[in-house]
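First comes the structure, then the notes that go with it.
What's counted below: heavy atoms across the whole structure, side chains too, no hydrogens, waters or symmetry copies.
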Amino acid sequence: MLVLITYDVNTEDATGRRRLRQIAKLCVNYGQRVQNSVFECLLDPVQCKLLQAKLLDIMDQERDSLRFYYLGRRYDNKIEHFGCRQTYLPEEPIIL
């Protein structure tokens with residue numbers, strides 16, 4: 001299923017900036033960054049719960065925000081992209 005993960009981390013101090021880097025690094029391991037604090041991730045239910053638990057361990061629930069949007073398997077018609085950034089196909093391999 002395609003899961004859209006968004007986060008907002010309070011970076012007023014060094015610990016917040018560290019949390020931001022940790023969350024971004026973890027999300028990169030599971031999906032594709034589509035905006036600064038937004039990732040599209042193709043996950044099965046177990047991967048999703050594991051990632052969610054890891055992210056919750058990192059974040060400060062008093063200062064940060066984390067959202068998961070579950071777009072499911074038929075996400076093709078749920079996403080519209082406008083603008084200059086080229087899009088990618090989540091199920092296609094990414095060649096670096």
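The CZ atom of Arg17 sits 9.5 Å away from atom CD of Glu12, with the distance rounded to the nearest 0.5 Å. Atom CG in Leu20 sits 9.0 Å away from atom CG in Asp8 (nearest 0.5 Å).
The two atoms that bring Tyr30 and Gln47 nearest to each other are CE2-O, 4.4 Å, heavy atoms only. Among all heavy-atom pairs drawn from Cys41 and Cys27, the shortest one is SG-O, 4.5 Å. Minimum heavy-atom separation, Asn10 to Asp64: N-OD1, 2.9 Å. Nearest heavy-atom pair across Leu56 and Gln61 is CD2-NE2, 3.9 Å. The two residues Val38 and Leu4 make their nearest non-hydrogen contact at CG1-CD1, 3.5 Å. Taking every heavy atom of both residues into account, Met1 and Tyr70 meet most closely at SD-CD2, 4.2 Å.
If you chain together hydrophobic residues whose side chains sit under 4.5 Å apart, Leu2 and Leu50 never meet in one group. There is no path of hydrophobic side-chain contacts, each under 4.5 Å, that joins Leu71 to Phe39.
The shortest distance between side-chain heavy atoms of Leu55 and Phe68 falls below 4.5 Å. You'll find the side chain of Ile5 reaches within 4.5 Å of the side chain of Leu51, heavy atoms only.
Qualifying side-chain hydrogen bond (donor to acceptor under 3.5 Å, both in side chains) partners for Tyr7, counting only residues two or more places apart in sequence or in other chains: none. Checked against salt bridge (Lys or Arg N to Asp or Glu O under 4.0 Å), Asp13 has the following partners two or more places apart in sequence or in another chain: Arg63.
Heavy atoms of other residues, nucleotides or ligands lying less than 6.0 angstrom from CZ of Arg67 number 12 at most.
The side-chain contact (heavy atoms from CB on, under 4.5 Å) test with Ile58 is passed by exactly one of Gln22, Arg18, Arg21: Gln22.
In this structure a side-chain-to-backbone donor-acceptor pair under 3.5 Å is missing from Arg19 to Met59.
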